[in-house]
Amino acid sequence: MRKPIIAGNWKMHKTVAEGVAFINAVKNEIVGTDVEALVCAPFTLLPSLVEAAKGTGVKIGAQNMHFEDKGAFTGEVSADMLLDIGVTHVIIGHSERRQYFAETDETVNKKVIKALAKGLVPILCCGETLEQREAGETKALCKVQIEKAFEGISAEDATKVVVAYEPIWAIGTGKTASSQDANDVISYIREVLEGIYSDEVSEEVRIQYGGSVKPSNVEEIMNESDIDGALVGGASLEPTDFVKLVNF
Ligand code: 13P
């Protein structure tokens, strides 16, 4: 059985005080659930959030990391630095990083390899633009992104990766892929994983959907057979919404 995982991606939002207040507001509402709840916050908030979330059902993740251990990489943060402060998860290859910060399939692959080697759970993002969707290229594009991201990763490590399928046209737009469409692409991603590894691996990897998920549509999305979670931007910023998302 794949454990559902609902993750908030706060992107570039919230101060430390706001982040800690959020954790304090949600922590008593997220108890005794079979759902893994995660908040991925900006670097400056992470130590305080880890502290605030200790002993609660909420885990804390980062939104990016570098693939080198250390060195002259101004402005970057390593996997060891994240582990040092108690972070457990890291988003890798979000479309906003691919679009605005020159993230490529190659750097995504290096980061996934490094995260796994260090014991961080990578949340690996893939997904197509509107243009690519309209050209019927969604599956071919996701195949390439997934095959490149998993290059050189063992079957055992592959099962630890969380994949997030996020169609770019559905991010922050209020437009959601229909739950059937999302499930169709996610089933296909499972087929791609089966092709690289095996049926067992493809059945074990958790795959989230992301793109305008909110309390009103989360249940329908989570009811789909191949969707194991959601990666949520805007609707993860309000404590009451986040609680509803986790307790879908
Ligand atoms: P929205 O939920 O705001 O559409 O953002 C989705 C996303 O990019 C999560 O990583």
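Indexing begins at 1, ligand by ligand and atom by atom, following the structure's order.
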Q | Polar atom proximity, Ile171 to ligand 1 (N or O, under 3.5 Å) | A | no

(Q) Any heavy atom of Ala170 closer to ligand 1 than 4.0 angstrom? (A) yes

Q: Decide whether an N or O pair under 3.5 Å exists between Ser212 and ligand 1.
A: yes

Q. Are Glu36 and Lys59 ion-paired here, with the side-chain N under 4.0 Å from a carboxylate O?
A. yes

Q) What do you reckon, does Glu96 have a nitrogen or oxygen under 3.5 Å from a nitrogen or oxygen of ligand 1? A) no

Q | Lys/Arg N to Asp/Glu carboxylate O, Lys114 vs Asp80, below 4.0 Å | A | no

Q. Under a 4.0 Å N-O cut-off, is there an ion pair linking Glu194 with Arg190?
A. no

Q) Glu166: what forms a side chain to side chain donor-acceptor pair (under 3.5 Å) with it, not counting sequence neighbours? A) His94

Q: Calculate, to the nearest 0.5 Å, the distance between atoms SG and CG belonging to Cys125 and Asn9 respectively.
A: 7.5 Å

Q: Identify, for atom 5 (O) of ligand 1, the protein heavy atom at the shortest distance, and state residue, atom and that distance.
A: Lys11 NZ, 3.3 Å

Q) Once you round to the nearest 0.5 Å, how far does CG of Asp226 lie from CZ of Arg2? A) 6.0 Å

(Q) Yes or no: does Ala235 have any heavy atom under 4.0 Å from an atom of ligand 1? (A) no

Q: Considering only non-hydrogen protein atoms, determine which one is nearest to atom 2 (O) of ligand 1 and report residue, atom name and distance to 0.1 Å.
A: Gly233 N, 2.9 Å

Q: Provide, to 0.1 Å, the distance between atom 4 (O) of ligand 1 and the closest protein heavy atom, together with that atom's residue and name.
A: Gly172 N, 2.6 Å

Q) Polar-atom distance check: Gly234 versus ligand 1, any N or O pair below 3.5 Å? A) yes

(Q) Any salt bridge linking Lys148 with Glu106? Criterion: basic side-chain nitrogen under 4.0 Å from a carboxylate oxygen. (A) no

Q. Under 3.5 Å, N or O to N or O, is Leu231 touching ligand 1 that way?
A. no

Q) What residue and atom, counting heavy atoms only, is the protein's closest point to atom 7 (C) of ligand 1, and at what distance? A) Glu166 OE2, 3.2 Å

Q. What are the two closest heavy atoms between Trp169 and Lys175, and how far apart are they?
A. O-CB, 4.1 Å

